[in-house]
Every structure is written in C-alpha cells, then in structure tokens.
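Single-structure report; data block below.
Because the structure is predicted, anything quoted here is derived from the model rather than measured. Computation of the quantities below employed the complete heavy-atom set of this structure, encompassing side-chain atoms and omitting hydrogens, waters and symmetry-equivalent molecules.
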Amino acid sequence: MRDMLISADLLAWYDVHARELPWRVGPKEDRLPDPYRVWLSEIMLQQTTVAAVKAYFAKFTETWPTVQDLAAAEDADVMAAWAGLGYYARARNLLKCARVVAGELNGAFPDNREGLQKLPGIGPYTSAAIASIAFGQRETVVDGNVERVMARLYAEETPLPTSKPLLRDYAEAQTPKNRAGDYAQAVMDLGATVCTPKSPACGICPIRSHCNAQSQGIERELPKKLPKAAKPVRRGIAYVVRREDGAVLLETRPEKGLLGGMLGWPGTDWAETEPVSEPPIDADWITLNEEVRHAFTHFHLRLTVHVAEVRQDARAFRGGFVDPSDFRANDLPTVMRKVHALSSSS
DNA sequence: TACACGTGGCT
DNA sequence: TAGCCAAGTGT
C-alpha cells in the first residue's frame, strides 16, 4: 500500500507555486487575511472562475472597502455592480449577510464554521473556507477541485454525485492540523492548474507518487459522473421601448427566481411553448429578424426582440423609463445586454 | 433530495 | 458548434 498522505508534499509545493491573488496572503507571510476580503472572494468564486472574479473583486473592495461600507450600500448599486457575474442570489445574500455582520455582530465575522454557516449565502464549502483561510481553523474544504483530486488520489470509481460522501471522508483524512487554510488553497490551486478535468499535468504534479489513478493510468477517466439530462429550449419575447428623449423602458425583476432583483427589458415568460405577445405599452412594434440566444444552466433560451419608438407622453403598463444619462448596459445581466446590443445594431 | 440558479472560456 | 466545466447555496 502506498503512502497516501499528501499534505506535506502539497504544502511544500504551495510555498513555491501559490498563485498571487488579490484576496490572498502569501504562504510565507505570518498573518491571516482580512475576513471581509476572504468572505467576499469566496462568495464570488462559487461556481465562478478566478479570471472572471478578479475585476469584480477589485471593483467591490474599491467601492466598499469594509463590511460596514457594503452593509450601508443601496441594493440597486450592489446588484448593478454584480451584473454580469451570474448567480444573482449570491448578490442578494451578500447584502443580507453584510447587514447581519455589520448590524448584529459589530462588524466581526464569526471565527468558526458553525457561526459562519448560519449567515445568508454561506454553506458547507464557504464556511469551511473562511474558517480555515481567515481564522486558521482545521476545517475540511470540499469543492469541485477537492472532489476531483480525491477521486484520482484514491482511484475512486463510484460516480458523482453518489461518491460525494466518500470523497469528503477522503478529504477529511487528508486535512492537516497546521496550516489548514494554506492546505485548502493548495488543493484548490492544484486542481485548477495541475489536476485539471480534461488533461491533468501528472508530469509536474507534486503528489504524483501518492496517486492511485496515475499509477493505474486512469486519471483522465476520473471522477466518473452520471450522465446529465439534455437542456430544453425555451422561447420568449423581449420588448425594447425607446422614448423620444432616448429614455428606455426597464423593469426590476422579482426578488425570487431567475435573474432575481436584476434590471431587465419587459417581456413574456420563457417557456417551451411559443410565446404569446404581451407588449408593455401601446406602440407600433417592429420584430427584429435576428434572435438572441443564451444558454442558462438548465435550459437554452431563444428570445425574439420587439422594438418600438414611443412619444414623450406615452404610458407603460409595466416597468419605468430610465433616462439615457442613467442607463448603463453593464448594469444589466448578460442575456439582457445581448438584447440591448441586438436592438442597438438594428 | 433533486432541482433552480449565470456566465464565459475551453475543447 | 455544442457540450463541458468552474472555489455551491437555497429550497
């Protein structure tokens, strides 16, 4: 039986190869990072790549340097700043969490997993990540990277998601008493840069000698996954209304559900059936030839775009007109930006 | 317990 | 091109 413990080799690798990231304190620095910045980065990094997060993290920490600043922000400003990053429930919960921490906890995040996980938007992964990275607690962090590394290390052929409890057991057995935060980040760095899903770079892997999948030559086949259901196609209509003065008709979407709390063009529901037109204002409508296509997590969307010019005194049934000086396409979620781009080019 | 929930980059 | 994939959480 080979020696399966990886933490020593992995930490030695991390000391040399740790990526420099804006929310990270270097492995050689003898201090812990600001919990606010750790929390903010971990929320942004949920199901989101480092490359996508960097600009948003810079914008947020510049605009709201402390949790008190963020707690005092206007909801619409935070949603606009988050626009484009996706999973907008994260932004709504981010504000809720900031207000609890600033209001009820005197600005201090809980220093342990149990306390952290009671806060909005913080689940099993994020509570362990903050507790270990920001507070030095020995907690086991399990994300997609860790699951992949453990599946290969132990040559676990049980498919995900069935294997989740097993992989967590493996991860807990590996977590060291000391430097748990560095170790957690080291496994995630390894998964992101070496033990990648498609073509793992086993030739430069610091824990290659421990890896059962590598010795069996099955690393590219792990972790196994159950097949996913095909994505249905949904259709709808988006209405772009321009007033004589250049104002555009927008509405804030309901708090719950898809794109909740975000600005968007009025439109029909999105369904697998052909949409029935329900224009938000009386006007002469023009249907654009090209349609907007967008892929969500669980369905594909095809939006037909209807545009109209209306008089200054026109009254809408829903939504509100936004002056050109107040309108920024970047405040919209991406699918709504696509609608805007198409209507502007036509 | 499944499913809802975004987006952009890569293959 | 279409599917896969990413530092998950809430319901």
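- Of the two residues near DNA chain C, A:Lys228 and A:Gly121, the one whose nearest nucleotide lies more 5' is A:Lys228.
- One interatomic measurement links the two molecules: CG of A:Leu160 to C1' of C:dC4, which rounds to 14 Å at whole-angstrom precision.
- Both A:Tyr88 and A:Trp270 belong to a single network of hydrophobic side chains, linked directly or stepwise wherever heavy atoms of I, L, V, M, F, W or Y lie under 4.5 Å apart.
- No donor-acceptor contact under 3.5 Å links the side chain of A:Thr49 to the base of B:dG8.
- Between A:Leu45 atom CG and B:dG8 atom P there is a gap of 16 Å when expressed in whole angstrom units.
- Between A:Leu226 atom CG and B:dC3 atom P the separation is 12 Å, expressed in whole Å.
- Heavy-atom distances to DNA chain B give each of A:Lys198 and A:Arg90 a nearest nucleotide, and the one nearer the 5′ end belongs to A:Arg90.
- Within the 4.0 Å cut-off from OP1 or OP2 of B:dC5, at least one side-chain nitrogen or oxygen of A:His298 is found.
- One can place CG of A:Leu94 at 15 Å from C1' of C:dG8, the figure rounded to the nearest angstrom.
- A:Gln47 places its CD atom 15 Å from the P atom of C:dC4, with the value rounded to the nearest Å.
- A donor-acceptor pair shorter than 3.5 Å can be found between the side chains of A:Tyr170 and A:Glu156.
- The phosphate of B:dG6 has neither OP1 nor OP2 within less than 4.0 Å of any side-chain N or O from A:His294.
- In this model, the phosphate group of B:dT7 is approached by a side-chain N or O of A:Thr334 to a distance below 4.0 Å at OP1 or OP2.
- The residue A:Gly84 sits close only to the backbone: its heavy atoms come under 4.0 Å of sugar-phosphate atoms, none of a base.
- If you take atom P in C:dT11 and the same atom in B:dG6, they sit 14 Å apart, rounded to whole Å.
- Put simply, the side chain of A:Arg148 does not reach to within 4.5 Å of the side chain of A:Leu167, judged on heavy atoms.
- Of the listed nucleotides (B:dT7, C:dG8, C:dC5), C:dC5 has the atom at the smallest distance from the side chain of A:Pro197.
- The interatomic distance linking A:Arg92 (CZ) with C:dG10 (P) rounds to 11 Å, in whole Å.
- For B:dG6, the OP1/OP2 oxygens have no side-chain nitrogen or oxygen of A:Thr48 closer than 4.0 Å.
- The side chain of A:Thr126 has C:dG8 as its nearest neighbour among B:dC5, C:dG8, B:dT7.
- Residue A:Tyr87 places no side-chain N or O under 4.0 Å from the OP1 or OP2 atom of B:dA4.
- With salt bridges taken as basic N to acidic carboxylate O contacts below 4.0 Å, none links A:Arg311 and A:Glu244.
- Heavy atoms of A:Gly191 sit nowhere under 4.0 angstrom from any nucleic acid atom.
- A donor atom on one side chain and an acceptor atom on the other are not found under 3.5 Å apart for A:Ser215 and A:Asn212.
- Between A:Asn93 atom CG and C:dG10 atom C1' there is a gap of 8 Å when expressed in whole angstrom units.
- Note: NZ (A:Lys256) to P (B:dC3) measures 20 Å, nearest angstrom.
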